[in-house]
Amino acid sequence: MISRDFLRKEFDRLPHLFRQRNVPAGALEEWRDIDAVRRMRLTQVEGARAARNSLSQKIGAKRKAGENSAGDEQLSKEIATQTLSLEAELKALDERLVPIEETLPNIPQDDVPDGADEAQNVVLKTWGEPTRFDFPPLAHWDLGPALGILDFERAAKITGSRFTVLKGPASLLSRALIQFCLDVHTREHGYTEVLPPFLVNSASLFGTGQLPKFEEDLFHLEGTDWYLTPTAEVPVTNLHRDEVLSWKELPISYCAYTPCFRAEAGAAGKDTRGMIRQHQFDKVELVKFTSSQASREEHERLTRDAEDLLERLELPYRRIALCRGDLGFASAKTYDLEVFLPGQNGYKEISSCSNFEDFQARRAAIRVKVEGAGGKPRNELVHTLNGSALPVGRTLVAILENFQRKDGSVSIPKVLQPYCGGLAEIRRL
RNA sequence: GGAGGAGUGGCCGAGUGGCUUAAGGCGGCGGUCUUGAAAACCGUUGAACCGCAAGGUUCCGGGGGUUCGAAUCCCUCCUCCUCCGCCA
């Protein structure tokens with residue numbers, strides 16, 4: 001959420017700050033008009049309350065002294081009756097104001113490239129060369145079933161489309177990847193591992209920005225307030241919801257493995273083959289809580305932590321800066337990492353590393369006690385960041401496609417072999 | 001699932017209708033003392049909102065109600081604890 005104070009003070013600049021960010025037409029003007037009336041009503045209501053409070057005090061004193069207070073009691077009642085409609089109006093204005101504020105997206109950092117959609121994203125760096133083969137490389141949806149390690153048909157039978165059964169070495173590799181990612185982050189990158197609940201409530205989803213705007217992307221458990229988590233970002237960021245942290249603790253860095261569940265509403269016909277876009281996938285996620293001063297630097301570091309894994313796995317990738325129009329709702333700046341997939345002869349998103357600044361922290365009330373002017377302690381909103389490092393399914397796809405050999409077998413990246421009991425290659429089951 | 005008990009500031013905890021402007025303690029911050037630190041002592045220290053300011057309003061798990069007045073009484077929901085049942 002954007003602060004009300006900021007909206008007021010910077011109102012004239014808002015159309016510029018929100019350009020290309022998909023803000024409904026007229027929403028800002030509507031917000032300004034309601035806010036102006038609301039402040040007038042608030043002042044009136046609070047004045048009436050102050051009058052009643054002082055009357056109540058007076059009544060108490062009179063009664064104690066044994067004096068008659070009937071006149072003051074009558075007056076207090078009259079004020080209450082007169083204020084009733086004013087209070088109702090104030091409540092109604094709030095109920096119109098808050099939904100507008102809740103659906104305004106975050107404001108991008110000033111170095112985020114202009115652009116309406118993904119076509120205007122900017123390639124910042126490329127690591128490695130697209131893998132070359134002296135034979136026509138297969139896509140994983142052909143390679144996997146041929147090896148007998150990916151089974152899309154039976155998954156569809158058990159559950160439906162956009163699910164996959166992993167078998168034998170694929171299942172092993174999946175497990176190895178989770179372990180590998182967590183080990184590197186905890187032992188070398190300074191993250192603390194967390195294993196959170198996979199079901200989250202609506203307050204948590206509101207905190208990170210999935211609700212109320214994106215409910216259709218989620219799986220909701222009927223008759224409950226529980227949703228299947230779409231990413232570990234939700235439970236892990238909400239670890240500190242409604243808390244005041246100490247500046248000494250920052251930055252806090254967590255990594256977490258969870259399965260992720262996405263309804264993929266509106267994705268019909270997109271990436272329907274293979275296991276690129278699934279209703280359920282495993283992912284290791286990085287989440288940081290930082291001071292406002294440190295968040296840009298920590299964003300670079302977090303992105304490097306994700307890239308480091310791809311480099312160790314010998315997977316060619318590039319780093320993309322998302323343009324304003326392609327930025328997610330809550331993000332102030334996002335780097336996407338794209339891995340090279342021979343089966344599609346192109347780069348495909350494998351990680352998304354975002355700085356949300358105080359947008360999520362304001363929604364989730366995550367604060368830090370800092371020293372303010374004159375040494376007085378005061379609360380400041382933290383900055384939250386997160387990134388995938390790495391999603392297991394897409395990484396598995398990248399390994400299968402990049403490490404395939406002419407005879408249809410697949411070699412296993414060196415760093416993963418110890419995690420696979422020394423297994424060096426996958427052959428047909 | 002059943003029966004009891006309990007939710008008060010960053011933490012602990014007092015408070016059963018108006019001297020609560022939430023006592024006291026811990027922790028934090030500043031100071032005195034000290035070569036430095038510790039201890040001791042002194043001071044200070046919740047949040048949101050309206051307002052240029054003075055000042056004001058709201059918040060004692062959430063919501064609703066009674067009352068001139070609610071942390072305190074009533075209703076309801078949530079969470080935690082204890083015991084019982086069931087269970088990996």
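Just so we're on the same page: letters track the sequence lines, and every chain starts at 1. For the numbers below, each heavy atom of this structure counts, side chains included, while hydrogens, waters and symmetry mates do not.
Between the P atom of B:rG18 and the CG atom of A:L55 lies a distance of 18 Å, rounded to the nearest Å. What separates CD of A:E46 from P of B:rC59 is a distance of 11 Å, to the nearest Å. Between the CG atom of A:D242 and the C1' atom of B:rU79 there is a distance of 13 Å, rounded to whole Å. Atom P of nucleotide B:rG51 and atom CE of A:M40 are separated by 12 Å, given to the nearest angstrom. The distance between atom CD of A:E67 and atom C1' of B:rG18, rounded to the nearest whole Å, is 15 Å. We find that CD of A:E380 is positioned 18 Å from P of B:rG46, with the value rounded to whole Å. A:R41 places its CZ atom 14 Å from the P atom of B:rG51, with the value rounded to the nearest Å. A:I366 has its CD1 atom 16 Å from the C1' atom of B:rA47, to the nearest Å.
Under 4.0 angstrom from either OP1 or OP2 of B:rG46 there lies no side-chain N or O belonging to A:N379. Under 4.0 angstrom from either OP1 or OP2 of B:rG18 there lies no side-chain N or O belonging to A:N53. Applying the 4.0 Å criterion to OP1 and OP2 of B:rA47, one finds that A:R367 has every side-chain N and O outside that range.
B:rG10 and B:rG64 have their C1' atoms separated by 30 Å, with the value rounded to a whole Å. Spacing between B:rA6 and B:rA71 at atom C1', rounded to whole Å, works out to 15 Å. Separation of the C1' atoms belonging to B:rG61 and B:rG9 is 14 Å when rounded to the nearest angstrom. Taking atom P in both B:rG36 and B:rA23, the straight-line distance is 36 Å, to the nearest Å. Nucleotides B:rU72 and B:rG55 have their C1' atoms positioned 29 Å apart, rounded to a whole Å. Annotation: B:rG4 and B:rU8 have their C1' atoms spaced 22 Å apart (nearest Å). Between B:rC73 and B:rG2, the two C1' atoms lie 29 Å apart (nearest whole Å). Separating the P atom of B:rA88 from that of B:rU76 is a span of 36 Å, rounded to the nearest Å.
The environment of NZ in A:K62 is crowded: more than 12 heavy-atom neighbours from other residues, nucleotides or ligands sit within 6.0 Å. Counting non-hydrogen atoms of neighbouring residues, nucleotides and ligands closer than 6.0 angstrom, the CD atom of A:E243 exceeds 12 such neighbours.
When Watson-Crick and G-U wobble pairs are counted only if both distances are under 3.5 Å, B:rU35 pairs with no nucleotide at all. Partner assigned to B:rC80 is B:rG5, using Watson-Crick or G-U wobble distances below 3.5 angstrom. Base pairing of B:rC87 is not made with any nucleotide, judged by Watson-Crick or G-U wobble geometry with both donor-acceptor distances under 3.5 Å. Figure legend. B:rC59 is base-paired to B:rG46; pairs are counted as Watson-Crick or G-U wobble with both atom distances under 3.5 Å. Across all strands shown, B:rC68 forms a Watson-Crick or G-U wobble pair, both distances under 3.5 Å, with B:rG18. Using N1 to N3 plus N6-O4 or O6-N4 for Watson-Crick, or N1-O2 and O6-N3 for G-U wobble, each under 3.5 Å, B:rA54 pairs with nothing.
Listed nucleotides B:rG51, B:rG18, B:rU57 differ in distance to A:S56; the shortest reach to its side chain belongs to B:rG18. Relative to the side chain of A:R39, the nucleotides B:rG56, B:rG18, B:rC50 differ in distance, and B:rC50 lies closest.
Donor-acceptor pairing under 3.5 Å, judged by distance alone, is absent between the side chain of A:R52 and the base of B:rG69. No donor-acceptor contact under 3.5 Å links the side chain of A:Q57 to the base of B:rG18.
Not counting sequence neighbours, A:F6 has no partner by the ring pair (Phe, Tyr, Trp, His ring centres under 6.0 Å) test. Taking the ring pair (Phe, Tyr, Trp, His ring centres under 6.0 Å) definition, one finds that A:F163 meets it with A:H279, sequence neighbours left out.
Using modelled atom types, no side-chain atom of A:E285 and backbone atom of A:A256 make a donor-acceptor pair closer than 3.5 Å. With hydrogens and angles disregarded, no donor-acceptor distance shorter than 3.5 Å links the side chain of A:R324 to the backbone of A:D114. The backbone N or O of A:A330 sits less than 3.5 Å from a side-chain atom of A:N106, completing a donor-acceptor pair.
Residues from residues 68-94 of chain A with heavy atoms under 4.0 angstrom of RNA chain B, sorted by number: A:E73, A:S76, A:K77.
Aromatic ring orientation, A:H240 versus A:Y254: parallel (interplanar angle below 30°, classes split at 30° and 60°).
Ranked by how close their nearest RNA chain B nucleotide is to the 5' end, A:T43 and A:G47 are led by A:T43.
Within 4.0 Å (heavy atoms only), A:L42 reaches sugar-phosphate atoms of the nucleic acid but no base atom.
Put simply, CZ on A:R52 and NZ on A:K77 are 10.5 Å apart, with the number rounded to the nearest 0.5 Å.
Relative to the six-membered ring of A:F206, A:R363 meets both conditions, a distance below 6.0 Å and an angle of at most 45° to the axis.
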